[in-house]
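Before any comments, here is the structure.
Protein chains get the first letters and strands the later ones, always in sequence-line order, with residue 1 at the start of each. Model, not experiment: these values are computed from the prediction.
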Number of protein chains: 2
Amino acid sequence: MARAGLTAERLTQAGAELADEVGFDKVTVAALARQFGVKDASLYSHLKSSQDLKTRIALLALAELADRVSAALAGRAGKDALEAFANAYRDYAREHPGRYAAAQLRLDPDAAAASAGGRHAQMTRAILRGYDLTEPDQTHAVRLLGSVFHGYISLESGGSFSHSAPGTQETWSRVLDALDALLRNWPAA
Amino acid sequence: MARAGLTAERLTQAGAELADEVGFDKVTVAALARQFGVKDASLYSHLKSSQDLKTRIALLALAELADRVSAALAGRAGKDALEAFANAYRDYAREHPGRYAAAQLRLDPDAAAASAGGRHAQMTRAILRGYDLTEPDQTHAVRLLGSVFHGYISLESGGSFSHSAPGTQETWSRVLDALDALLRNWPAA
DNA sequence: TGATTTGCCTAATAGGCCTAGGTAAATACA
DNA sequence: TGTATTTACCTAGGCCTATTAGGCAAATCA
């Protein structure tokens with residue numbers, strides 16, 4: 001009987017594509033096995049568990065996203081960098097909703113350490129170089145930016161903004177204006 | 001054989017408590033049946049499906065949360081209202097992580113219409129009465145506040161802020177300061 | 001008290017996760 | 001090139017969750 005040529009990498013890749021098509025929560029070992037025309041049990045030679053599969057997809061997404069953000073950020077500073085950064089996240093979430101959902105998976109400490117999480121944190125800090133903030137305000141600002149972007153993308157994709165005017169694109173760009181203004185005039189403690 | 005006295009309401013309440021104990025995603029029909037010492041199938045006289053159970057818990061959480069926020073907001077305006085509002089959300093999420101997660105469930109249009117979602121939107125707008133914003137900036141600001149609070153609570157509860165100094169409480173209060181400053185000086189388009 | 005409703009039961013199907021142990025295909029090696 | 005080893009995939013089976021169909025007994029009502 002011909003072999004399907006499974007590897008952890010191919011399974012992870014296929015799992016990521018499946019996630020974008022049907023939703024991250026519907027990525028199951030069984031569904032993935034179906035895609036490759038093999039039995040469920042066969043995947044366990046390559047994956048430790050269903051959780052392992054999900055973690056791998058999350059790590060893939062975090063790395064892809066970090067690459068994109070990094071590319072978007074190259075050569076930019078100030079508001080230009082802020083916008084590029086924010087748009088890179090939002091665009092990725094729109095193009096790859098399943099992967100983006102995977103990137104929100106809570107990782108165990110080992111996986112988190114091996115993830116691109118550190119790159120994301122560094123890049124967020126890099127944006128602030130264009131603004132005049134010192135510690136601990138820089139950390140507060142990093143956390144605020146993370147919250148706004150994550151929150152906005154999450155609410156927007158959940159449809160929370162789709163029931164009222166104006167359009168979300170307009171709000172997005174006004175929110176970026178507002179954040180830029182805030183970072184330029186960060187209130188003293 | 002004595003009856004357990006199940007009703008949709010008791011099941012929803014117990015499901016909400018279970019969610020806070022073990023996580024919303026671990027609330028299953030089977031687990032709930034176990035708690036009441038009945039068979040899984042028995043719950044289907046009261047619930048349409050597992051999805052129905054989750055929706056009911058979500059509606060319960062949204063209503064409870066709206067009540068809390070409403071109480072917190074009474075008699076306050078300006079920054080005072082902003083802080084009360086934000087703290088009401090954050091405190092609820094900390095006290096009831098499972099219910100808070102349930103409140104993020106994406107509801108179908110029918111359930112959404114019957115939910116306390118409208119009250120939440122109204123209350124967010126109410127905060128802005130203390131600031132000098134007109135449409136469409138008011139809507140932009142509502143969306144920004146929703147994004148920040150949702151994003152912050154989500155990241156904080158996921159542990160994203162727990163690996164670095166300073167503490168999240170300090171950041172939280174500086175973020176509220178920053179939002180207050182931003183709303184008082186909202187940049188013109 | 002008898003009739004009706006209904007709450008909880010048993011039984012059974014289907015799907016997902018996962019382990020143990022087998023067979024055949026690919027690879028290494030002599 | 002034939003043989004030995006590794007390994008990719010399979011069968012079988014156990015356990016968990018979701019859900020439906022149909023039955024009996026407890027509660028309720030006439």
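- Considering only side-chain N and O atoms, B/S50 lies under 4.0 angstrom from the phosphate OP1 or OP2 of D/dA18.
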Please tabulate, for side-chain N and O atoms in residues 60-75 of chain A, each donor-acceptor pair with protein atoms closer than 3.5 Å (sequence neighbours left out).
unit_1, atom_1, unit_2, atom_2, d
A/E64, OE1, A/Y92, OH, 2.6
A/E64, OE1, A/R99, NE, 3.1
A/D67, OD1, A/R119, NH1, 3.1
A/D67, OD1, A/R119, NH2, 2.9
A/R68, NH1, A/E95, OE1, 3.4
A/R68, NH1, A/E95, OE2, 3.4
A/R68, NH2, A/E95, OE1, 2.6

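- The side chain of A/R34 contributes no N or O atom lying less than 4.0 Å from OP1 or OP2 of C/dG15.
- To the nearest angstrom, P of D/dT17 lies 13 Å from CD of B/Q35.
- A close approach under 4.0 Å does not occur between any side-chain nitrogen or oxygen of A/S45 and OP1 or OP2 of D/dC9.
- The A/V29 side chain lies nearest to C/dC17 when the options are D/dC10, D/dA18, C/dC17.
- When the P atom of D/dA18 is taken as reference, atom CG of B/L11 falls 13 Å away, rounded to whole Å.
- In this structure, CG of B/L43 is placed 9 Å from P of C/dC9, rounded to the nearest angstrom.
- Side-chain contact, A/D180 with A/Y131: a donor N or O sits under 3.5 Å from an acceptor N or O.
- Using cut-offs of 30° and 60° on the angle between ring planes, the pair A/F161 and A/Y152 is tilted.
- When distances are taken from the side chain of A/D40 to each of C/dC9, D/dT11, C/dC18, the shortest belongs to C/dC18.
- Residue B/K39 contributes atom NZ, which lies 18 Å from atom P of D/dC24 at whole-angstrom precision.
- Between A/H46 and D/dT7 there is no side-chain N or O to OP1 or OP2 distance below 4.0 Å.
- Contacts of A/A41 with the nucleic acid, taken as non-hydrogen atoms under 4.0 Å apart, include base atoms.
- Of the candidates D/dT11, C/dC8, D/dT20, the closest approach to any side-chain atom of B/Y44 belongs to D/dT20.
- Between A/T28 and the phosphate of C/dC17, there is a side-chain N or O to OP1/OP2 separation shorter than 4.0 Å.
- Note: NZ (A/K48) to P (C/dC17) measures 17 Å, nearest angstrom.
- Per the geometry, CG belonging to A/L32 stands 18 Å off P belonging to C/dG15, to the nearest Å.
- The pair B/R174-B/D177 meets the salt-bridge criterion, with a side-chain N (NZ, NE, NH1 or NH2) lying under 4.0 Å from an Asp/Glu carboxylate O.
- Whole-Å rounding puts the A/E9 CD to D/dA8 P distance at 12 Å.
- Rounding to whole angstrom units, CG of residue B/D52 and P of D/dT17 are separated by 19 Å.
- Under the 3.5 Å distance criterion, with hydrogens and angles disregarded, no donor-acceptor pair is assigned to the side chains of A/R56 and A/Q51.
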